[in-house]
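Following: one structure in structure tokens, then a few remarks.
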Number of protein chains: 2
Amino acid sequence: MLHFNRKTEYALLAIEHMVRKEYQHPQVLITSAREISDLYHIPYPLLAKVLQKLAGRGLVKSVHGTKGGYVLTKRPHDISVADVVQIFDGPVALAECFRAQKITCPQWDGCLIKDPFYELNNKIQTLLVQTSLADLAGKSGEALIG
Amino acid sequence: MLHFNRKTEYALLAIEHMVRKEYQHPQVLITSAREISDLYHIPYPLLAKVLQKLAGRGLVKSVHGTKGGYVLTKRPHDISVADVVQIFDGPVALAECFRAQKITCPQWDGCLIKDPFYELNNKIQTLLVQTSLADLAGKSGEALIG
DNA sequence: TTATATAAGACTAATTTAGTCGTATATTGG
DNA sequence: CCAATATACGACTAAATTAGTCTTATATAA
């Protein structure tokens, strides 16, 4: 089906929510997992884990305790879709053989398609790198750039 | 992981094999499932089903009986990667919501990312449409174009 | 008429992904 | 201080998808 997994979607949605919120309500910087899971109907424990992972990778900063939550650490145009995809989906690897470090593919030696496939792979990867979270914010996000 | 499924890989490899074979041995047009599965170490029954599906979609023509097998029905630059991906992976649908016909996504209404995501989706789809099996054949495939 | 090939659908196994649960830790405010 | 609320994290279960198998039927060349 060629799709991102749901954690990636949840992560992008969560970050995007924080981006818009910071822009519209700059005085309220902290967003809790509960707020996002309620608003977008995402199972709370799952979203919590997603945000924890984002915090672990430094894309957001966590604040413990009552009134705690998460705060963005980067500007939206400094976060790429590729950054988020990498965390939850791992690398773009259209073909089986591109993920493994060692050559385990029985087709490898005589494979007719690995090189051009790799090129296609890189083109997609490039698209993801070039799309920032500011881009994802769409029209209303244009004001965020800069 | 953002990958094609194995059937898509097998199909591309099989077609590519037939493309090269037709070019290098124009007198031997028929290729059996057994030949391909042996050469690339693909489980025979699985590859057989893949080829059957390709035959059903008209990308190859089947020949029954002894000395039977499959023959390409199109020129390599008239087959796109997207054609093959569509058969085994279905449409490119980065986000969950793009595959369903009806809106079932609980995020849909307030979703911040669906439109720009759709754009990204289309860019990838375009890459797949623009890459032909002749392109996949790589350097040696250039002689095939035209 | 036998050996070999595709056709097709039902089935099972393996893997991946989604989601849950329990427990620990940090922080605010009464 | 303590109760309420939030994150941290690992182990676990459930659901869904994908990979691969098995069986039976049909067509064809030699």
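Atoms considered below: every heavy atom in the structure, side chains included; atoms not considered: hydrogens, waters and symmetry mates.
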Which nucleotide in the list C:dT20, C:dA18, D:dT21 gets nearest to the side chain of A:Pro43? C:dT20
Under 4.0 Å, heavy atom to any atom of DNA chain C: which of residues 60-73 of chain A qualify? A:His64, A:Gly65, A:Thr66
On a heavy-atom basis, the closest approach of A:Leu59 and A:Val84 is CD2-CG2, 4.1 Å
Rounded off to whole Å, could you give me the OH-to-C1' distance for the A:Tyr10 and C:dG19 pair? 9 Å
Interatomic distance, B:Lys7 NZ vs C:dA8 C1' [rounded to whole Å]: 13 Å
When rounded to the nearest 0.5 angstrom, what is the spacing between OG1 in A:Thr8 and CG in A:Leu13? 12.0 Å
Is there a residue in residues 30-38 of chain B whose heavy atoms reach under 4.0 Å of DNA chain C, and which residues are they? B:Ser32, B:Ala33
Side-chain ion pair, B:Glu16 and B:Lys21, N-O less than 4.0 Å: no
According to the interplanar angle, ranging from 0 to 90°, do the rings of B:Tyr40 and B:His17 count as parallel (below 30°), tilted (30 to 60°) or perpendicular (above 60°)? perpendicular
Where do B:Leu51 and B:Ile36 come nearest, in terms of heavy atoms and distance? CD1-CD1, 4.5 Å
Donor-acceptor pair under 3.5 Å, B:Lys49 side chain vs C:dG9 base: yes
Kindly say if A:Tyr44 contacts the phosphate of C:dT20, meaning a side-chain N or O under 4.0 Å from OP1 or OP2. no
Spacing between A:Arg6 atom CZ and D:dA16 atom P, to the nearest angstrom: 9 Å
Whole Å only: how far is the CD atom of B:Glu96 from the P atom of C:dA18? 8 Å
Can you measure B:Lys53 atom NZ to C:dA8 atom P for me and round it to whole angstrom units? 11 Å
Looking only at the aromatic ring of each residue, does the gap between the centers of A:Tyr10 and A:Phe4 stay below 6.0 angstrom? no
Shortest non-hydrogen separation from B:Gly68 to B:Ser32 and the atoms involved: O-CB, 3.9 Å
Integer-rounded Å distance: D:dA19 P and B:Ile42 CD1: 12 Å
Starting at atom CZ of A:Arg57, determine the distance to atom P of D:dT7, rounded to an integer number of angstrom. 19 Å
Expressed as a whole number of angstroms, how long is the span from B:Leu46:CG to C:dA10:C1'? 15 Å
Hydrogens and angles aside, do A:Glu9 and A:His3 bring a side-chain donor and acceptor to less than 3.5 Å of each other? no
Should we count NZ of B:Lys53 as having more than 12 external heavy atoms under 6.0 Å? no
